[in-house]
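Each ligand, and each atom within it, is numbered from 1 in the order the structure gives.
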Amino acid sequence: MANKVQNDAADFDVIIVGAGFAGIYQLYHLRNRGYNVRLIEAGSDVGGVWHWNCYPGARVDTIGAIYQYSDPILWKDWDYSEKFPAWNELREYFNYVDSKWDVRKDCKFNTRVTGATFDDEHNVWRVQTSTGEMSTCRFFILCTGFAAKPVIPDFPGRDSFKGEAHHTGLWPQGGVDFKGKRVGVIGTGASAVQVIQEASKEAAQLTVFQRTANLTIPMRQQKISKAENARLKEKYPEMFATRARTFAGFEFDFLPHGAMEVSEEERQATFRKVWKTGAFNWWLGNFNDVLVNEDANNAQYSFWREETRKRIKNPALHEKLAPTNPPHPYGVKRPCLEQWYYECFNQENVTLVDLKEAPLERITETGIVAGGEEYPLDVIVYATGFDAVSGGLVAIDIKGTDGRSLREHWANGIKTHLGVASPKFPNLLFLYGPQSPSGFCNGPTCAELQGDWLLKFIEDMDQNGIKRVEAKPDAADAWAEDTKKIIDMTLFPRANSWYLGANIPGKPREILVYPGGLPTYLDTVNNVAAKGYSGFALT
Ligand code: N01
């Protein structure tokens, strides 16, 4: 390993927050490089988002083949049983990773990091936790993921409900029984779509409270046999290598031409072909202009609407679930993968309440009142989303060198250099965080590709005897400006999505993730490293 900077004031070289894909990757690889590492996790086990989101139907929207670490020590003996594995299989995967990488021994579970201050004199972070402990470290890496801060809107009467009520992101570890019950789901985002599909099979009555139709994509789920897994594995090395070359770190990319560059006949034929593949190929493996050109986007939407309407028996629901005019350009709110979502609404026991026509007024002891009508319920599912990307970070009271918190620093807009560090917060690093590819990249891919850059960054600092590294304000201003310029060239600003923080009242409207694609991001950060880490003050 590099010559490690000795700092007697530090209990650990590195403290990591979060035991998901990113945190565990850092833990394992830093430890292998001789660093003394502690990982702190609020949950009771490893798994990150898959620990918290254990609601019925929760499953990943990236194919399992690349939704894992690329270390052959792991994948050669690991088989997912489905193309898009469910949360419980993903938890088994994390158990398996621990059996090979032995990570749990350096994790402190059931412990929330509550605050941190930088000791200027000794160049260490003092990290406080919910258990009242304080530890010091030279580098402090936040791997809290994009969904660490679940949000339940302040519906009037919310606390009066006498039945069971749960947010999807804080689902009880022991599960919730829907059988024979009257279940209400608020929201129709990705979490809701997954819960609705399962609840429709068990609930006596399922009521879905929809504000905006979800422009979903067929998942095209498949079981994968052992023999198929073995065949697939021959392609794994190439698939893993491909991730760094594609916009969102997938095994596929946008087509090399635009929808408006081809004839109507070819356009429809291509849409049909990509639709058959389904999954995110329909979103990020489609014509390369669908997210930037309104005509291309409308053509994609029209195809989607017609295909979707074929599955909805009640014509009155066509306009609700697949409206004539899109609620926003297609794909600029993150679409989700569905399996039998529309068929649910053909069932007698499933009702859709359109909150645009019948606004949600209040929650009572016994149900939800919308549009003047009370819907009696035994269970309420809040599938109302997250204060995404930055919410989990600013929830920790991290004080900068000027005594102001990260929340205060970012109150009018996030400032980071390359999405990895923020001015006034020396030796504090973000992985899969704001203004990095995060929300436009799948978890394990970013954990590895952005994670490898961070590992080298820390090693290079040590190699050069650097005790303190801090993002420069002008570099952070320029990075925020770059992310804005890129997103303004697309149709994304036309929706109130979590990508823009627009689902949280009062949150500044700005793109929370780097929208230039993974290859451009990697080129940029590698160039910065090659130039001796330009934009960082090194002392
Ligand atoms: O949250 P969301 P999510 N009154 O913010 C509605 C990932 N994910 O947990 O659209 C009424 O998308 C809101 O309505 P509207 C994935 O990246 C992945 O579902 O704002 N309704 C919306 O319908 C995803 O994008 C998987 O009008 C209110 C819903 O609540 C991200 O997590 C599975 C409301 C929130 O949808 C977040 O998804 C699950 C109000 N006051 C999640 N406030 C995979 O498949 C909000 N809503 C891997």
Side-chain angles (χ1 to χ4, degrees), residues 20-21 48-50 52-64 67 82-87 90 145-156 158 166-171 184-198 208-217 219 221 248 279-280 283-284 321 326-328 331-339 341 352-363 368 370-371 380-389 391-392 432 438-444 495-505 507 512-513:
F21 274 105
V49 80
W50 302 110
W52 298 102
N53 289 265
C54 56
Y55 57 82
R59 65 178 63 249
V60 68
D61 50 19
T62 299
I63 60 167
Y67 201 73
E82 292 178 303
K83 189 171 179 185
F84 297 96
W87 66 273
L90 291 160
F146 85 98
K149 184 86 187 144
V151 168
I152 302 180
D154 206 7
F155 298 116
R158 201 181 77 185
H166 305 286
H167 188 284
T168 48
L170 293 169
W171 203 253
V185 177
I186 305 179
T188 49
S191 304
V193 165
Q194 294 184 329
V195 176
I196 288 164
Q197 292 177 127
E198 299 304 323
V208 176
F209 297 89
Q210 168 184 289
R211 194 164 63 180
T212 309
N214 194 326
L215 314 184
T216 63
I217 308 173
M219 176 179 276
Q221 175 70 304
F280 280 164
W283 183 35
L284 301 170
L321 292 166
H328 49 75
V332 301
K333 261 184 164 180
R334 189 174 167 114
C336 72
L337 307 189
E338 59 79 33
Q339 294 174 270
Y341 181 59
L352 182 79
V353 177
D354 178 351
L355 296 181
K356 290 221 167 99
E357 273 176 10
L360 199 157
E361 289 162 26
R362 62 186 185 281
I363 294 177
I368 293 178
I380 296 179
V381 178
Y382 291 109
T384 43
F386 301 88
D387 181 348
V389 189
Y432 203 67
S438 59
F440 281 146
C441 180
N442 68 76
N496 292 327
S497 67
W498 64 254
Y499 283 127
L500 294 160
N503 61 328
I504 303 299
K507 191 166 175 172
L512 293 172
V513 297

* To do: Do me a favour and list the nearest non-hydrogen protein atom to atom 2 (P) of ligand 1 with residue, atom name and distance?
  => G385 CA, 4.1 Å

* Asked: For ligand 1, which atoms, with element, lie under 4.0 Å from some heavy atom of G187?
  -> 6 (C), 23 (O), 29 (C), 30 (O)

* **For T384, the ligand 1 atoms whose distance to one of its heavy atoms is below 4.0 Å** => 30 (O), 35 (C), 46 (C)

* To do: Scan W52, Y382, F386, Y55 and name whichever one has a ring-ring contact (aromatic ring centres under 6.0 Å, His included) with H167.
  => F386

* What atoms of ligand 1 come within less than 4.0 Å of a heavy atom belonging to Y55? -> 33 (C), 39 (C)

* **Shortest protein contact, atom 13 (C) of ligand 1 (heavy atom only)** => R211 NH2, 4.3 Å

* Asked: Looking only at non-hydrogen atoms, which of A388, A213, S191, P505 approaches atom 3 (P) of ligand 1 most closely?
  -> S191

* Asked: To the nearest 0.1 Å, how far is atom 31 (C) of ligand 1 from its closest protein heavy atom, and which atom is that?
  -> W498 NE1, 3.5 Å

* Asked: Does ligand 1 have any atom sitting under 4.0 Å from a heavy atom of K333?
  -> yes

* Asked: So is F155 in contact with ligand 1, going by heavy-atom distances below 4.0 Å?
  -> yes

* To do: Specify side chain, backbone, both or neither for T62, according to which of its non-hydrogen atoms lie closer than 4.0 Å to ligand 1.
  => neither

* Structure fact -> Test side-chain contact (heavy atoms from CB on, under 4.5 Å), reference W498, set I504, V151, N503, D387, output is N503

* Asked: Tell me: protein heavy atom nearest atom 11 (C) of ligand 1, and distance?
  -> L355 CD1, 3.6 Å

* Under 3.5 Å, side chain of K507 to main-chain N/O of A388, donor-acceptor pair present? -> yes

* Asked: Side chain, backbone, both or neither: which part of R59 has a heavy atom under 4.0 Å from ligand 1?
  -> backbone

* To do: Check if F146 has a non-hydrogen atom at a distance under 4.0 Å from any atom of ligand 1.
  => yes

* Asked: Within a radius of less than 6.0 Å around NZ of K149, do more than 12 heavy atoms belonging to other residues, nucleotides or ligands occur?
  -> no

* Interfacing atoms of ligand 1 (cut-off 4.0 Å, heavy-atom, V60) -> 48 (C)

* Could you pull out, from V151, L337, T188, the option with a heavy atom nearest to atom 22 (C) of ligand 1? => T188

* Structure fact -> When N53, L170, T168, T384 are each screened for side-chain contact (heavy atoms from CB on, under 4.5 Å) with P150, the one that passes is L170

* Structure fact -> Numbered in order shown, the ligand 1 atoms found under 4.0 Å of a heavy atom of F386 are 9 (O)

* Any N/O pair A383/ligand 1 closer than 3.5 Å -> yes

